[in-house]
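Within every chain, numbering begins at 1; the chains are lettered A, B, ... in the order of the sequence lines, protein sequences first and strands thereafter.
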Amino acid sequence: MATELSRPAAEKVKIRLKDSSEKEYPKGCTAFDIARDISQRMAKTAVAARLNGKVVDLNTPIYQNSSLEILTFDDEDGKDVYRHSTAHVLAQAVKNLFPNVKLGIGPPIEDGFYYDFSLPKSFKPEDLEAIEKEMNEIIKKDYQFVRHEMQREDALEFFRKRGEDYKVELINDLPEEEKISLYSQGEFWDLCVGPHLPSTGRIKAVKLLNLAGAYWRGNEKNEMMQRIYGTSFPKKRMLEDYLKRIEEAKKRDHRRLGTQMELFSLKEAGPGFPFFHPKGMVLRIELENFWREEHKKAGYQEIKTPIILNRTLWEQSGHWEHYRENMYFTSIDGEDYAIKPMNCPGAMLVYSSGQHSYREFPLRFAEMGLVHRHELSGVLHGLMRVRAFTQDDAHIFMLPSQIKEEIQSVIALVDRIYKMFNFSYYVELSTKPSNAMGSDDIWEKAITSLKEAMDEKEMEYTVNEGEGAFYGPKIDFHLQDSLGRTWQCGTIQLDFLMPEKFNLTYIGEDGNKHRPVMIHRVIFGSIERFIGILIEHYGGAFPTWISPVQVRILPIAERHLDYAYKIRDEINKYGIRVEVDTRNEKVGYKIRQAQIEKVPYMLVLGDKEKENENVSVRKRKEGDQGSKPLKEFLKIVSKEIKLKVAE
RNA sequence: GCUGAUGUAGCUCAACAGGUAGAGCAGCGCACUCGUAAUGCGCAGGUCGCCGGUUCAAAUCCGGCCAUCAGCUCCA
């Protein structure tokens with residue numbers, strides 16, 4: 001094909017490249033030809049191409065004037081093609097080793113790929129090694145990935161004959177007019193839209209990571225398949241770096257750090273019911289104090305509602321019908337009671353215990369409410385997913401005309417609080433679920449309000465169809481843990497239904513009774529989950545203002561203990577959390593301990609300091625800061641704490 | 001809840017092929033009195049997740065349950 005390029009061809013096509021330069025190529029040339037024309041390096045690193053906006057195989061012939069971008073592993077789409085092709089190699093390897101396996105699907109995902117298989121015997125971890133070896137054989141053979149298009153009936157017949165029931169189901173579900181495409185490499189054929197790498201040999205480093213069950217098509221009513229996860233890279237070194245990164249991330253795991261730093265613990269005695277230890281409590285109380293300050297400033301009033309309430313209330317709120325599966329129950333004097341899974345009904349009762357005027361609106365009731373939810377045993381995860389947690393809740397009652405502005409002010413509060421910790425977050429809009437109460441009209445109205453509020457602020461968000469609460473749509477704020485898994489923290493839910501159910505009213509300008517609109521919202525989400533995220537975000541090295549121990553005094557020898565205690569008492573007077581390492585150890589040892597425990601400030605005290613009434617300051621990140629008068633140190637630390645400096 | 005894996009001292013992990021448990025760190029004691037990431041010696045610490053079975057003998061083999069981990073489903 002290289003010769004074709006140099007041969008004068010009758011017909012040419014104009015190709016506009018990524019740098020918006022334009023060049024002519026013979027009609028029918030491929031993206032790969034053009035990559036080769038650009039540079040040797042480009043030809044080597046190219047994995048696929050974007051032709052007029054669509055990602056295609058490198059060997060796709062081009063017959064029309066087009067815009068073309070050569071994709072490499074560094075492009076997100078290129079990465080997907082690379083991993084997707086690796087998934088096909090995985091499927092081929094499994095098929096070679098276990099010929100009676102049935103294939104599910106095998107897409108690329110963030111950081112890798114997976115493939116779902118159905119096989120009577122279950123894969124053992126040892127099998128992964130054998131499969132990986134087989135994959136490397138397939139890579140070595142450098143099979144071409146070849147695209148084939150088939151008539152629907154032929155494709156159905158093809159997979160039926162091979163006993164690939166899942167593929168048959170997939171084809172049957174494809175729209176009538178859709179072209180059916182298959183890809184083959186060597187003997188292996190798979191239903192696939194593509195695109196793919198030119199050949200298996202392009203895959204340079206593969207690693208199978210783990211094994212898990214996954215329901216066919218993500219539906220728990222379907223049979224469970226065996227999913228193999230893996231990843232691949234164009235360089236061995238990149239794979240090693242990736243694996244190292246995972247290892248490092250595991251060291252930041254809040255469950256591990258939480259134990260090490262004595263923040264909290266989880267016991268068999270109470271699965272999903274975390275125990276907070278003194279140091280974890282310090283962190284928690286600091287967060288709550290901060291939260292109270294911010295909410296007072298933002299015009300919220302705090303309330304507290306009971307944990308246990310009568311069944312009739314839950315019937316009224318709709319929880320009995322829509323949320324019973326997740327609730328715990330008890331009985332008192334022969335009557336049914338429920339342990340609250342949400343705070344809203346309590347807040348409704350507070351609202352309805354008096355008359356309200358439109359002049360009070362928006363009326364903001366905040367509540368640190370402890371809720372219990374029966375989560376499935378398999379989903380429990382440290383502090384991130386528990387069965388009892390404290391929501392930093394609020395219920396805001398207002399006029400319909402105040403919706404947009406109020407939602408925007410909650411969004412602003414979320415943003416302000418998250419920024420305190422340098423969190424980056426992403427936002428989802430969740431719409432009407434299948435078990436919802438209320439009419440489509442009301443839902444439509446609520447969803448539109450949320451959209452408008454966000455669009456006006458030019459926020460980026462994705463829409464999560466059918467994932468709203470049963471009483472209203474919501475805006476969700478997601479934060480990431482150390483492994484990049486995301487957890488929903490903040491949420492803003494617009495509710496026209498609860499006020500209806502509880503017959504809430506306010507007296508309007510006209511002197512008549514009207515129905516208020518309500519917002520449910522949390523910012524931390526749950527204090528427990530938020531603390532989990534915080535631990536992983538900072539790797540345990542918290543900003544000074546929330547550090548359980550802010551200053552540790554390290555006396556050099558026993559004779560410096562008295563001076564250490566004197567300094568400690570002095571620091572204590574400033575409300576700074578300080579402790580003395582009284583152990584009879586060398587200073588290097590004490591420093592190591594304090595470093596491991598991520599104490600922000602260490603004060604080394606010996607003869608020199610005692611003599612000059614000084615302290616030697618060491619910061620956990622910067623190291624030795626030299627010695628200075630205590631007063632000066634106090635000034636620096638107090639200011640850092642007061643301003644809540646985030647590192 | 002489902003699939004797979006794991007469960008031994010406060011923590012991290014050993015104990016080959018059944019013969020009633022061992023190390024490092026942490027803790028405690030003693031000596032050293034020390035200057036910015038581990039001083040030395042000694043002591044103590046275990047219902048081997050729980051229940052049952054096989055066996056002369058079970059941490060080890062088998063069954064049930066519980067918890068944890070990864071993922072699926074679900075959610076703050």
Side-chain angles (χ1 to χ4, degrees), chain A residues 114 116 122-125 127-128 209-229 250 253 255-256 259-260 262 265-272 323 325-326 341-342 369 371 373-393 430 467 469 474 476-479 483 485 487-491 493 520 522-530 532-533 554-561 583-596 602-609 616-620 623-627:
Chain A
Y114 67 78
D116 287 344
S122 55
F123 293 127
K124 298 275 156 232
D127 293 330
L128 288 192
L209 297 168
N210 43 43
L211 205 50
Y215 300 108
W216 169 238
R217 306 191 115 179
N219 187 335
E220 64 179 323
K221 300 220 166 53
N222 291 342
E223 64 270 50
M224 183 158 275
M225 312 205 44
Q226 302 188 60
R227 178 171 295 178
I228 297 178
Y229 284 91
K250 282 185 182 154
D253 190 311
R255 293 166 296 190
R256 183 187 168 119
T259 312
Q260 263 171 25
E262 297 171 6
S265 61
L266 290 152
K267 309 277 175 200
E268 280 202 24
Y323 208 72
E325 302 288 286
N326 287 296
M342 294 187 195
V371 298
R373 295 183 186 174
H374 180 70
E375 301 292 344
L376 295 178
S377 58
V379 307
L380 300 179
H381 184 94
L383 289 183
M384 304 293 199
R385 192 76 184 271
V386 292
R387 286 177 171 156
F389 54 99
T390 304
Q391 291 186 303
D392 62 319
D393 219 339
S430 297
E467 297 296 321
K474 51 186 193 153
D476 296 327
F477 296 80
H478 294 250
L479 298 174
L483 284 171
R485 293 175 291 208
W487 299 90
Q488 185 188 314
C489 289
T491 174
Q493 312 176 346
H520 312 238
V522 290
I523 293 180
F524 293 146
S526 92
I527 307 267
E528 290 76 6
R529 179 177 286 183
F530 198 78
I533 297 275
L554 315 176
I556 285 176
E558 272 172 0
R559 66 172 181 281
H560 306 118
L561 270 176
R583 292 175 304 178
N584 195 2
E585 294 287 352
K586 289 189 171 177
V587 74
Y589 179 87
K590 297 180 186 179
I591 286 172
R592 185 180 148 82
Q593 282 301 309
Q595 287 288 153
I596 289 170
M602 288 157 249
L603 297 181
V604 177
L605 302 184
D607 290 333
K608 278 184 271 174
E609 289 74 19
S616 249
V617 180
R618 184 188 165 96
K619 288 185 83 171
R620 79 185 151 202
D624 196 353
Q625 306 284 292
S627 100

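- Residue A:Arg620 places no side-chain N or O under 4.0 Å from the OP1 or OP2 atom of B:rU36.
- Of the candidate nucleotides B:rA76, B:rG71, B:rA37, B:rG71 has the atom nearest to the side chain of A:Ala212.
- With contacts defined as side-chain heavy-atom distances shorter than 4.5 Å, the pair A:Val617/A:Met602 does not qualify.
- The side chain of A:Val379 sits closest to B:rC72 out of B:rC72, B:rA76, B:rU36.
- Counting to the nearest Å, the P atom of B:rA76 and the CZ atom of A:Arg387 are 16 Å from each other.
- Using Watson-Crick or G-U wobble geometry with both donor-acceptor distances under 3.5 Å, B:rU68 finds its partner in B:rA5.
- Residue contacts for A:Lys124: at a heavy-atom cut-off of 4.0 Å it reaches the sugar-phosphate backbone alone, with no base atom in range.
- On the C1' atoms, B:rU8 is 7 Å away from B:rA59, given to the nearest whole Å.
- No donor-acceptor distance shorter than 3.5 angstrom exists from the side chain of A:Asp253 to the backbone of A:Lys250, with no hydrogens or angles considered.
- Remark: B:rU12 base-pairs with B:rA23. Criterion, Watson-Crick or G-U wobble with two distances under 3.5 Å.
- Looking at heavy-atom distances under 4.0 Å, A:Gly525 makes contact with sugar-phosphate atoms alone, never a base.
- Partner assigned to B:rC34 is none, using Watson-Crick or G-U wobble distances below 3.5 angstrom.
- A:Gly588 comes within 4.0 angstrom of sugar-phosphate atoms only, judged by non-hydrogen atoms across all strands, and of no base.
- OP1 or OP2 of B:rA70 has at least one side-chain nitrogen or oxygen of A:His381 nearer than 4.0 Å.
- Using a 4.0 Å heavy-atom distance criterion, A:Arg385 is classed as a base contact.
- Going from the C1' atom of B:rU54 to that of B:rU73 covers 39 Å, rounded to whole Å.
- Heavy atoms of A:Arg529 sit under 4.0 angstrom from at least one base atom.
- Side-chain N/O atoms of A:Tyr215 and base N/O atoms of B:rG71 include no donor-acceptor pair closer than 3.5 Å.
- Spacing of C1' atoms, B:rC13 relative to B:rC28, comes out at 23 Å, to the nearest Å.
- Between A:Ser377 and the phosphate of B:rG1, there is a side-chain N or O to OP1/OP2 separation shorter than 4.0 Å.
- Using a 4.0 Å heavy-atom distance criterion, A:Ala557 is classed as a base contact.
- When only modelled atom types and interatomic distance are considered, A:Gln595 and A:Arg618 share a side-chain donor-acceptor pair under 3.5 Å.
- Contact of A:Glu325 with B:rG1 (side chain to base): no donor-acceptor pair of N or O atoms is detected under 3.5 Å.
- Summary of the strand contacts: A:Lys608 and A:Gly490 both lie near RNA chain B, and taking for each the nucleotide with the nearest heavy atom, the more 5' one is attributed to A:Lys608.
- In this structure, the CG atom of A:Leu483 is 10 Å from the C1' atom of B:rA70, given to the nearest Å.
- In this structure the side chain of A:His560 never reaches within 4.5 angstrom of the side chain of A:Glu609, judged on heavy atoms.
- When heavy atoms are screened at a 4.0 angstrom cut-off, A:Glu467 is found touching the sugar-phosphate backbone but no base atom.
- For A:Lys267, no side-chain nitrogen or oxygen approaches OP1 or OP2 of B:rU68 to under 4.0 Å.
- As judged by a 4.0 angstrom heavy-atom cut-off over every strand, A:Asp624 is placed among the base-contacting residues.
- Atom pair A:Phe524:CZ and B:rC75:P shows a separation of 24 Å (rounding to whole Å applied).
- Pair assignment for B:rA59 gives none, since no Watson-Crick or G-U wobble pairing has each distance under 3.5 Å.
- The number of heavy-atom neighbours closer than 6.0 Å to CD of A:Glu325, taken from other residues, nucleotides and ligands shown, is 12 or below.
- Backbone-only contact: A:Gln488 has heavy atoms under 4.0 Å from sugar-phosphate atoms and none from a base.
- Atom P of nucleotide B:rA70 and atom CE of A:Met224 are separated by 16 Å, given to the nearest angstrom.
- Among the atoms of the strands shown, base atoms are found under 4.0 Å from some heavy atom of A:Met384.
- Across the P atoms, B:rA58 and B:rA26 are found 36 Å apart, a figure rounded to whole Å.
- Candidate nucleotides B:rA5, B:rU3, B:rU36 were compared by shortest atom distance to the side chain of A:Pro125, and B:rA5 ranks first.
- Taking atom C1' in both B:rA76 and B:rU60, the straight-line distance is 43 Å, to the nearest Å.
- Closest contact between the side chain of A:Tyr229 and the listed nucleotides B:rA76, B:rU39, B:rG71 involves B:rG71.
- Using modelled atom types and a 3.5 Å distance limit, the side chains of A:Gln391 and A:Ser526 yield no donor-acceptor pair.
- Residue A:Tyr589 has a polar side-chain atom (N or O) positioned under 4.0 Å from OP1 or OP2 of B:rA26.
- Side chain of A:Arg387 to backbone of A:Gly272: no donor-acceptor contact under 3.5 angstrom is found.
- On the P atoms, B:rC74 is 25 Å away from B:rA5, given to the nearest whole Å.
- The A:Arg583 side chain lies nearest to B:rG27 when the options are B:rA76, B:rG35, B:rG27.
- Distances from the side chain of A:Asn584 to the nucleotides B:rG71, B:rU33, B:rG35 place B:rU33 closest.
- If you check every strand for non-hydrogen atoms under 4.0 Å, A:Lys221 touches nothing.
- As judged by a 4.0 angstrom heavy-atom cut-off over every strand, A:Tyr114 is placed among residues making no nucleic acid contact.
- Look at B:rC28: its Watson-Crick or wobble partner, with both distances under 3.5 angstrom, is B:rG42.
- Checking the phosphate oxygens (OP1, OP2) of B:rA70, a side-chain nitrogen or oxygen of A:Arg485 falls inside 4.0 Å.
- Base-pair partner of B:rU54: not found among the strands shown (Watson-Crick or G-U wobble, both distances under 3.5 Å).
- Contact annotation for A:Arg373: base contact, defined as any heavy-atom pair under 4.0 Å involving a base atom.
- Lacking a ring centre under 5.5 Å from that of the base six-membered ring together with a plane angle below 30°, A:Phe123 does not count as stacked on B:rG4.
- Between A:Leu383 and A:Glu528, the shortest heavy-atom contact is CB-O, 3.4 Å.
- With the nearest nucleotide of RNA chain B identified for both A:Leu383 and A:Gly606, A:Gly606 has the one nearer the 5' end.
- A donor atom on one side chain and an acceptor atom on the other are not found under 3.5 Å apart for A:Arg217 and A:Tyr215.
- At a threshold of 4.0 angstrom between heavy atoms, the contacts of A:Asp607 include nucleobase atoms, whether or not backbone atoms are also involved.
- Residue side chain A:Arg559 does not reach the base of B:rU33 through any donor-acceptor N/O pair under 3.5 Å, judged by distance alone.
- For A:Val587, whose side chain is taken as the heavy atoms from C-beta onward, the closest listed nucleotide among B:rA76, B:rC11, B:rU36 is B:rU36.
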